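One structure is given below, encoded as C-alpha cells.
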Amino acid sequence: GNGGGNTGAQVEGVVSPTAAGGGNNAAGTPAAGAGNGGGTTLAQIKQRGTLNVGVKYDAPPFGSLDPKTNEVTGFDIDVARAIAKHVLGDEKKVKLVQVSSKNRIPLLQNGQIDMFAATATITPDRLKEIDFSNTYYRAGQSLLVKKDSDIKEYKDLAGKNVCTVEGSTPEETIRRLVPKAKVTLFESYTECLSSLRNGRVDAITTDNVLLEGFRQQDPENLKLTGGLFTFEPYGLGIRKGNTELQKAVNEALKNMQDNGEYAKIHQKWLKEPLPKDFKEWYGTSAQEAAQKFEEQSKSQ
Amino acid sequence: MRWSVLVDNFDLLLQGLLITIQVSALGLLLALAIGVVVAVLRVTPNRLARLVGASYVEFVRNVPLLVLIFFIYTGLPDVGIRFSELVTGVLGLGIYTGAFVAEVLRSGIQGIPRGQLEAALASGLSYLQAMRLVILPQAIRNTIPPLGNQTINLIKNSSLVSTISLLDILGTANLISSRTFAYAPVLLGAAALYLSLTIPAAFMVNGLERRMRAAYR
Amino acid sequence: MRWSVLVDNFDLLLQGLLITIQVSALGLLLALAIGVVVAVLRVTPNRLARLVGASYVEFVRNVPLLVLIFFIYTGLPDVGIRFSELVTGVLGLGIYTGAFVAEVLRSGIQGIPRGQLEAALASGLSYLQAMRLVILPQAIRNTIPPLGNQTINLIKNSSLVSTISLLDILGTANLISSRTFAYAPVLLGAAALYLSLTIPAAFMVNGLERRMRAAYR
Amino acid sequence: MAIIDFIGVNKWFGKLHVLNDINLSIDEGEVVVVIGPSGSGKSTLIRCINRLETIDQGELIVDGQHVESPRTNIRRLRQEVGMVFQQFNLYPHKTVLENITLAPTRVKKVPRAQADKAAQQLLERVDIGAKSDVYPGKLSGGQQQRVAIARALAMEPKILLFDEPTSALDPEMIQEVLEVMKGLARTRITMVVVTHEMGFAREVADRVIFMDSGRIVEVGTPEHFFQDPKEDRTKLFLSKIL
Amino acid sequence: MAIIDFIGVNKWFGKLHVLNDINLSIDEGEVVVVIGPSGSGKSTLIRCINRLETIDQGELIVDGQHVESPRTNIRRLRQEVGMVFQQFNLYPHKTVLENITLAPTRVKKVPRAQADKAAQQLLERVDIGAKSDVYPGKLSGGQQQRVAIARALAMEPKILLFDEPTSALDPEMIQEVLEVMKGLARTRITMVVVTHEMGFAREVADRVIFMDSGRIVEVGTPEHFFQDPKEDRTKLFLSKIL
Ligand SMILES: Nc1ncnc2c1ncn2[C@@H]1O[C@H](COP(=O)(O)OP(=O)(O)OP(=O)(O)O)[C@@H](O)[C@H]1O
Ligand SMILES: Nc1ncnc2c1ncn2[C@@H]1O[C@H](COP(=O)(O)OP(=O)(O)OP(=O)(O)O)[C@@H](O)[C@H]1O
Ligand SMILES: [Mg+2]
Ligand SMILES: [Mg+2]
C-alpha cells in the first residue's frame, strides 16, 4: 500500500456544470509514482495558486448545487473560501471538487483534492487514514420522516427502513443503536430523499443540519424528529502528514472565530447565531474530538 | 405530470447532453484506437501478441463496465494513478468498447482474402504497412454497420458516468429530479435526449447496412 | 494491496454473488418471456401488432438501461406504482434485455423456411399454435448462441442494480470498500466474481456455436 | 355436386394479374390435374382454396363455405383441406409420427394413443411404417413426401391439394410417390394436383386444366389433351413437356 | 550465375511432405516454367522464394541472400522479387495507378510525381494506359492481371514469380496476358512461372521443371518435354494436358 498521496499535477474539478460543458476536458495527469510520502505541500499549493477543496453537491445547507445559477454554495463552501483567503490571500483561489461520503477519503489520499469540507465527522477510524483540522462545527444525528410518521425517536426504527449513505458515520451509528432497523444505503442522499418520498424507506438518518436542508426543500411533507442523539464534531479533512497545511487551516479557523467571520457564515446558512456551547467545541483538536466521539458511542 | 420542469431546466439538460456527447465522442475515439491495435494483435503471426490481444478482449468483454469505471475511479488511485471524472469516463468507455471494436475489426480483417496480405507483403511492404494501407481500409469499410451498433451501445453506456458525478444527461436528470421531485418527467426527458442521439445513429447504421448489402450484389 | 480484505469479507461477497445470480436469473426469465411475445408480434401478419413490437424494440434498445432502471425506481412511484429494489432490478433487466432477445428470436423465426408456417396453418393449426409448436422450437434452437451472448450481457448489466441499493456483487464491493478503503483489491475481487459467471457462459456459447455450425455441415 | 367453386375469381400481386377471371367447378370425388408454364398461376390457384392466398375479386366456395368471407371459420375449413407441398415441409424437430399426430391432437383434440395408432396405420398405408420414430432429416426425399401425404391425410380431409409433389425429387423416387397418389385417387377423395407428370394425369385424372398467364386456357379429359388439344398455347406447352 | 539456389530444401505441412529434397539452380535472366499435377507443390516452391512460405530444411539462396536465415532483411529481398498471383489480388479500394505506386512510394520512398509517371509508363507497356484512374472492380480479368504484372514490375525486381497467372481467366483473355509475359521474357528478367500453358513454355522457356508429390521429377528444355520425356509420370501428365 501507499501511505500518502502524490505530488499532484493540475487536477480537474467540476466547478460548475457550465465549466464542465466547456473546455475542462484536460486530463488529470496520472501521477508519476506512488507513495512519495508528503503529498502536496503547502508551498506547492501556494505556488499553484489554488486550493483544491472537496465539497458536497447534495448536502444543503453545507454544500449544494443551485440548478438555476449552476453554482455550488453553502456553509462548507464559505468556510473553504475563508480558509483560502487566509492561506492564499484570495477567497476566489479555490477549486471546488464534488465529493461524496464514499470517495472523499481516497480523493484526498491520492491528491486529487488538498482538503475537503464535506460534513465529515472526526472519528478515530478516519484519523487512522487522514488528518483533520480542529473542530469547525458540531452536529448531531437525527431523523427526517414524513409529517404523518409515528416515529418519535430512534428506538422506533426497529423493524423499519432507514436510509443513509455508504461509508458514513450515521450508517455505523444507526446499525449500532438500532440493530433491528433495515438500513438502505445509497451513494448520495438524493436517492434517500426520493425513497422517503415514495415510501420505500420510513426515515432518513444523518446529521441534523443536512436533514434540515432536505426538510426545507419540502417543508409541507417532512419533519425532523428524535432530537440529536449523537455528538458529531465536523472537521476539515487533510491528507495525513500534511502538517503545514493543517497548521495553516487551524490558524485560519482561529482567525475566523476572532474576526467574526465564522459567526457571519453561521448566521447566513444556519439562520441562527452561534449556539451557547460554541466555545466548548469550536477549535478543539481532532484527537480530542475523536476521543469524545468515541466515548459517547461507548456510553450508549 | 409536471412537464414544466423540463422547460425550466432546459439549459441544464442541454449542458448534460453536451457532456454526454463529449464523453461519447472521446470514448469512441479511444475505443477505435484500442480496437485497431488489439485487432491487429489478434491477427498477427506472433503468438504472444495474439495471446495478449485475446486476453484483453476476453477479460474486458466479460466484466461489467460499471466495475471497470469504479476500478479506474477509486481502485487505481489506491496504486497511485488518478484521473479526473471526465478522463475516467472516457477511459472506461474506451477500454470497454475497444474490446468489442477489436472483435468487429478482427472478423472484418479475417473476411479480407488472404491474397491481399500476401500481395502487399510480396511487394515489400512491412506487416504493419500492409495492415494499415491494404487490409484495414478494406476491413473498416465492411465493419461500418457493426461499428455503428457499437457506437450506439457506447452512447447508452456513457450514462454510467453519472455514477462518478459527471453531469451528463442522466447525471443532470438526477440532479434536477432530486431538486424538483419530478422524477418521471425528468427521466422521460432524459430518455428523449438519449433517443435524439441513438435513433439517428441507428438510422444511419440501417442505411449503411442496406447500401453495403446493395454494393455486394 | 490489502488482499486480506477479500478473505475477511468473503461471505459478504458470496451473498452478493447470490443476489447477482438471483437478479440475473429472474431477469433472464422475464427477458425470454418478453422476447418471445415481442418477436411473435413482429412477425405476425397484423400490421398494428408489428408496429407495437417494433416500437417496443426501437424504444428500449436505444435508451440506456440505467435510465430505465431509474425510471422504474423513482419515476413510476410518481404515478403511484412502486416496486421493491429486487423487482425493480428484475423488471429493468427483463424489459431491456427482452428487446434484444426479441430481435434475436425474430431473425431466428425469419430464418425458418416459410413452408413450415404454411404447412402448419394448412393443417388447421392457429397462427399462435403454429408459432408455439412449429416455428419457435426451431427458431430457438438456431438462436441459442446469440441468446447466450445476451445472457452474458444481462449478467454484466445486472451490476447496475447496485445503484438502487441492491447488494449484488458490485453493491457489496462498494459497501466493503467504503468501509475498508481497500478499493482496488475489492473491485478486482468483484471483477473475478463476475468473470466466474460470464466466462463459463462464454465457453458454453462458443461450444454451442461450434456444434451448431457442425450440425449444418 | 361441386365441392370447390371458383366464380369470377381475380387476384393481383401488385400489378401482376395472377388469377384472371377464374371460373372452375370441381365435383366431390373428382381428381383434377393442373398444368401450365412456370408463373402461370397454378400454385396461386390451389393456395387460394385453403386461403394460404386471399382472392381480391369474385367468390370461392369450398365445402359450402365462402373462403373469401371474413366470417368463415378458416381453421375449420382447413381441416377439410389437406395440402402437400413441393418442398415436403415436414417439421424437422419432430419425429415422423409426431409430424403426423400434431394437428389431430392439437386441433381435433384426438387422444394421443388414438392419434398414434391412426398415424401408424397411415404410415403403413404409404408404405413407410418402420420409420415412425425417425426424424425427417434422416429420410430420402421420396420417403419424406410420403410422410407429408400421411400427415395431410391424418386430418381426414375431404379435399387434398398437391403443389408439384414430385418436382423436388430425384427421378428414382418420383414413382414411389406417384404410386401412393394413384392409390389415393382410387379412394375417390377430391384431389387437385399441380404436376407435370402426364403419365399420372393420363392414368387417374378426371379432368386436366391448362393455365397460362393467370387464365384457364383449356379444360378437358386427359385423352383430350393428349390427342386433340385445341389452343395453340396448349399445343406449344405440351410439345415441350411430353 | 545462379540468382536462385535451392539446396536440399524440404518442407512439410504437418505430415504432408510438400517439398521433398529440392535441388534447383536458376540463373540470372533465365525463364523457368514449372508444371505438375495439382497438389504437387508448385505454388509452395515459388512461394518459398520470397518467403511467403518458410522452408524447414536445407538452404535457399536468392540474390545472394539466405532466405531461411532469420538475419536476412526479408523486406529488402522482397523488393527484388515481384510476384503475380492466380487471383490477381489487386487492392480493390485503390485505383489502378494507386495499386502500382503503393509499394514504390511507401517502401522505396519514390516521390509521388515520379512514381505516378513510372506507373503510367508501366501501364502503357502492358497496354492498359487508359485505365489508370479506374478501380480494379471495373476491369476484366485479363486487364486486372496485366495491372498486377505492372504492379510487380513497379519495384524494378530482378526476379518475377508467376503462380498460374492465367488459370482464373476466361479463355479469350489468356492470350493478352501471355503476350505481356512473352514480352517480359524477352527482356531477360529472371522469371519462374507456374503454368500449364505449354505454348508459352515452348516459345519462351529456357527450362521446364516437372514436379510431382513434392519432388522435382524431370528437368529439361521445352523441346525435351515435347519430344522425349523420360519419366513415366511426366508422360502421363503431359498426355493429359497437351
Ligand atoms: N407472394 C407473391 N408476391 C408477388 N408475386 C408473387 C407471389 N407469389 C407468386 N407471385 C408471382 O405470381 C405469378 C404466379 O405465381 P405461381 O407461383 O402461382 O405460378 P406457378 O404457375 O405455380 O409457377 P411455377 O410452375 O414456377 O411454380 C408468378 O409471376 C410469381 O412470380
Ligand atoms: N498452408 C497450408 N497448410 C497445409 N497444407 C497446405 C498449405 N498450403 C498448401 N498445402 C498443401 O500442400 C500441397 C501442395 O500445395 P501447392 O499449393 O504447393 O500445390 P500446387 O502444385 O500449387 O497445386 P495446384 O496446381 O492445385 O495449385 C497440397 O496438398 C496442399 O493441399
Ligand atoms: Mg408453383
Ligand atoms: Mg498452386
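To find a chain, count down the sequence lines: A is the first, B the second, and so on, and within it residues start at 1. These numbers were taken from a predicted model, which means no experiment stands behind them. Side chains included, hydrogens not; waters and symmetry mates left out as well; all remaining heavy atoms used.
Ranked by heavy-atom pairs under 4.5 Å with chain B, the first of C:N174, C:L65, C:I152, C:I169 is C:N174. Taking C:T198, C:N157, C:I199, C:L160 one by one and counting their heavy-atom pairs under 4.5 Å with chain B, the maximum is reached by C:T198.
Residues C:S162 and B:L66 share a closest heavy-atom pair of OG-CD2, 4.0 Å. When every heavy atom of B:K156 is checked against every heavy atom of C:R61, the shortest pair comes out as NZ-O, 2.7 Å. Considering every non-hydrogen atom in both C:V67 and B:Y194, the closest pair reads CG2-CE1, 3.7 Å. Here the shortest heavy-atom pairing between B:F71 and C:A184 reads CE1-O, 3.8 Å.
B:A202 touches chain C through its side chain: at least one heavy atom from C-beta onward sits under 4.5 Å away, while N, CA, C and O do not. Proximity to chain C involves both the backbone and the side chain of B:F59, based on heavy atoms less than 4.5 angstrom apart. For B:S177, no part lies near chain C; criterion is any non-hydrogen pair under 4.5 Å. For B:T163, the part lying under 4.5 angstrom from a heavy atom of chain C is the side chain only.
Here the OH-CZ distance, from C:Y183 to B:F70, works out to 11.0 Å after rounding to the nearest 0.5 Å.
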